[in-house]
Amino acid sequence: MNFDDTPEQARLRAEVRQFLAAHHDELAHGDGAYLEEPGHERVDELRRTQAVLFDAGYMGLTWPEEYGGGGGTNAQQAVINEELHRARVAGPVGHVGLGMCGPTILRHGSEDQKQRYIRRLLRADDMWCQLFSEPGGGSDLAALRTKATRHDDGWHVQGQKVWTTLAQHCRFGILLARTNPEAARHRGLTMFVIDMEAPGVTVRPLRQMNGHHSFNEVFLDDVVIADSERLGDVDDGWRVALTTLMNERMAVGGGGGELGVRSDVLVSHANRLLPRLSEERRVLAVEALGRVLVESLAARYSGYRLQTTLEKGEHPGPESSAGKLTAVRVAHATADLGLRLLGEDAVLARSRDGDWRWASAAASTPGIALAGGTDEILRNIVGERVLGLPPDRPRTPAAATATPIAESR
Ligand SMILES: Cc1cc2nc3c(=O)[nH]c(=O)nc-3n(C[C@H](O)[C@H](O)[C@H](O)COP(=O)(O)OP(=O)(O)OC[C@H]3O[C@@H](n4cnc5c(N)ncnc54)[C@H](O)[C@@H]3O)c2cc1C
């Protein structure tokens, strides 16, 4: 693999670098994901940032031009992403729309849905959420119970979703619901676009242990959805959901990006604090830092491999699951080391107006290990599909109707 830019990529890189410097003050910056409360003010700032980048042609570069995308290549988007990272531009706030909902609409939506939704989604004019998980169905998604029943005026939806990221800011969501209770559990599901401002939708905040309100419970009480807002065929929602889940795995860490605090932030943190440590603790800390940076590089290079697969027009396989596992481990080790370097100051940071980021990051990483497929589920996928180990569930007649684990989250 050649990591050098082609002349065309070098030109693009220089152009993006120049743009980001010239528009520095219009863009939101940050030290990594999950470090700030996604309150209205910050979310508005991040939406403006996404709009500036879209207008410059840097969002959705690989998406079809007729819906607002750039019609470009994965390699070009990778160059842009690297430059955004280098300039410390905060990650896109519409990441659920970009990573999951948009690709699902592009693959399964009607022409009308693509025309109405995609451009606004890319620009974060509308924010999107993913309404899949329920109190009784997370990893085992096909166990979901939210029902949609057909009436003359459309589908009437009754049920509850949970862990819905940023739903409090979203105008639309993609919703998986049971439309045929008689069918085998993953055959009677249908996917819809839901208007989060429709009567009967109630969004209630869930507060996480990092203190933030990033996700929600969503109650659906006789919400009416027009049949034209269906995504794909009736009772074919599982196939549509697989598109979402495949894209989710690539979006959440599979692409070699950092999921937690940036590694360069950890390096400057270490440079500042290492001289204060005893010789013995310093040696241990430097060793730990080396390990984190090596893993972080390994994740980045695995991401390049995935980019190459996409560039060739092929579908990435289970390597996106392995990529997420590594990215979670890096996020966890980064937060852990940042916290250890601070020592007791980490615990007292909040009350002393100190460096709270590391405690916040450490409290966020367990959640990262669950979102977009838990570590255990991803290891099952790697075990079955990469290593060829026996399946998680015995293939008995009874298990034949159960969702194969590698196809659930
Ligand atoms: C930060 C965050 C954001 C999220 N955002 C969204 C969102 O926007 N939309 C949405 O729909 N959902 C979202 N989720 C939910 C997420 O998809 C689920 O938490 C995840 O799928 C796990 O489901 P669960 O919580 O029901 O846990 P369960 O499925 O009940 O799992 C509980 C434990 O059992 C383990 N386990 C389960 N099955 C197996 C198995 N077969 N083999 C081995 N171990 C197993 C799991 O690994 C886990 O440790 C989010 C979650 C988090 C933490």
Side-chain angles (χ1 to χ4, degrees), residues 33-38 91 93-102 104 127-146 159-170 172-177 189 191-192 194 196 203 205-220 237 240-242 244-249 251-253 259-260 321 324-325 327-328 331-332 335 360-361 363-384 389-394 399 402-409:
Y34 301 100
L35 291 178
E36 286 156 89
E37 168 80 53
V93 68
H95 58 91
V96 178
L98 292 168
M100 296 149 225
C101 307
T104 308
M127 299 260 297
W128 284 72
C129 56
Q130 179 198 16
L131 297 128
F132 281 22
S133 301
E134 297 188 1
S139 302
D140 190 8
L141 186 58
L144 66 82
R145 292 207 190 127
T146 292
Q160 187 200 337
K161 296 289 175 177
V162 73
W163 321 125
T164 319
T165 297
L166 297 180
Q168 72 271 35
H169 300 290
C170 290
F172 297 106
I174 53 172
L175 168 87
L176 193 59
L189 302 169
M191 187 81 84
F192 299 94
I194 180 170
M196 296 298 287
V203 177
L206 287 170
R207 205 40 80 185
Q208 297 128 244
M209 71 173 168
N210 62 7
H212 299 166
H213 165 204
S214 311
F215 50 34
N216 305 268
E217 294 178 293
V218 178
F219 296 87
L220 306 160
V240 182
L242 289 182
T244 316
L245 297 180
M246 195 186 78
N247 281 282
E248 180 176 43
R249 253 166 236 151
V252 187
L259 282 183
S321 300
K324 198 222 156 190
L325 280 168
V328 167
H332 184 74
S360 177
S364 305
T365 45
I368 304 174
L370 298 172
T374 68
D375 280 3
E376 289 78 12
I377 296 295
L378 298 181
R379 282 196 201 103
N380 280 341
I381 293 172
V382 172
E384 289 177 29
L389 299 176
D392 174 45
R393 293 174 197 182
T403 312
I405 196 64
E407 287 178 18
S408 78
R409 279 177 184 276

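Atoms within each ligand, like the ligands themselves, are counted from 1 in listed order.
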Practice item. Look at atom 11 (O) of ligand 1 and find which of Gly136, Ser133, Ala369 reaches it with the closest heavy atom. Key: Ser133

Exercise for review: Might you work through the side-chain contact (heavy atoms from CB on, under 4.5 Å) test for Phe132 and Thr244, ending with a clear yes or no?
Suggested key: CA-CA 10 Å; Phe132 281 22; Thr244 316; 3.7 Å; yes

Check your understanding: Which pair of non-hydrogen atoms, one from Met196 and one from Gly173, has the smallest distance, and what is that distance?
Key -> CG-N, 4.1 Å

Study note, to complete from the structure: Judged by heavy atoms only, the candidate from Gly372, Gly173, Gly367 nearest atom 53 (C) of ligand 1 is Gly367

Check your understanding: Applying a 4.0 Å heavy-atom criterion (strictly less than), which segment of Asp375 is in contact with ligand 1: side chain, backbone, both, or neither?
Key -> neither

Exercise for review: Would you name the heavy atoms of Ala331 and Gly260 that are closest together and state the gap between them?
Suggested key: CB-N, 3.8 Å

**Study point:** Test of proximity, Glu134 against ligand 1: N or O pairs below 3.5 Å
**Key:** no

Practice item. Please could you name the atoms of ligand 1 that Phe132 approaches to less than 4.0 Å, counting only its heavy atoms? Key: 11 (O)

Review point. Under 3.5 Å, N or O to N or O, is Asp140 touching ligand 1 that way?
Key: no

**Study point:** Atoms of ligand 1, numbered as shown, that sit under 4.0 Å from any heavy atom of Thr165
**Key:** 3 (C), 4 (C), 5 (N), 6 (C), 7 (C), 8 (O)

Point to revise | 4.5 Å side-chain heavy-atom contact, Leu325 and Asp375 | key: yes

Review point. Going by the order shown, which atoms of ligand 1 are within less than 4.0 Å of some heavy atom of Trp163?
Key: 4 (C), 5 (N), 6 (C), 7 (C), 8 (O), 9 (N), 10 (C), 12 (N), 13 (C), 14 (N), 15 (C), 19 (O), 25 (O), 50 (C)

Exercise for review: Report, in ascending order of atom number, the atoms of ligand 1 lying under 4.0 Å from any heavy atom of Leu370.
Suggested key: 20 (C), 53 (C)

Revision key, fill the gap. A student checking ligand 1 against Glu376 at a 4.0 Å heavy-atom cut-off should list atoms 43 (C), 44 (N), 46 (C), 47 (O), 49 (O)

Check your understanding: Looking at ligand 1, does any of its N/O atoms fall within less than 3.5 Å of an N/O of Thr164?
Key -> no

Practice item. Show your reasoning for whether side-chain contact (heavy atoms from CB on, under 4.5 Å) applies to Leu389 and Glu384. Key: CA-CA 5 Å; Leu389 299 176; Glu384 289 177 29; 5.6 Å; no

Exercise for review: Tell me, yes or no, whether the heavy-atom count around His169 atom NE2, taken from other residues, nucleotides or ligands under 6.0 Å, exceeds 12.
Suggested key: yes

Point to revise | Partner of Val162 by side-chain contact (heavy atoms from CB on, under 4.5 Å), out of Asn216, Leu131, Leu206 | key: Leu206

Check your understanding: Quick one: does Val96 get a heavy atom under 4.0 Å from ligand 1?
Key -> no

Check your understanding: Going by atom types alone, do Glu134 and Thr146 pair a side-chain donor with an acceptor below 3.5 Å?
Key -> yes

Study note, to complete from the structure: Honestly, for Thr374 the part within reach of ligand 1 (heavy atoms, under 4.0 Å) is side chain

Check your understanding: With atoms numbered from 1 as shown, which atoms in ligand 1 lie under 4.0 angstrom from a non-hydrogen atom of Asn380?
Key -> 40 (C), 41 (N), 42 (N), 43 (C)

Revision key, fill the gap. In terms of heavy-atom contacts, Ala177 and Phe192 come closest through CB-CE1, 4.3 Å

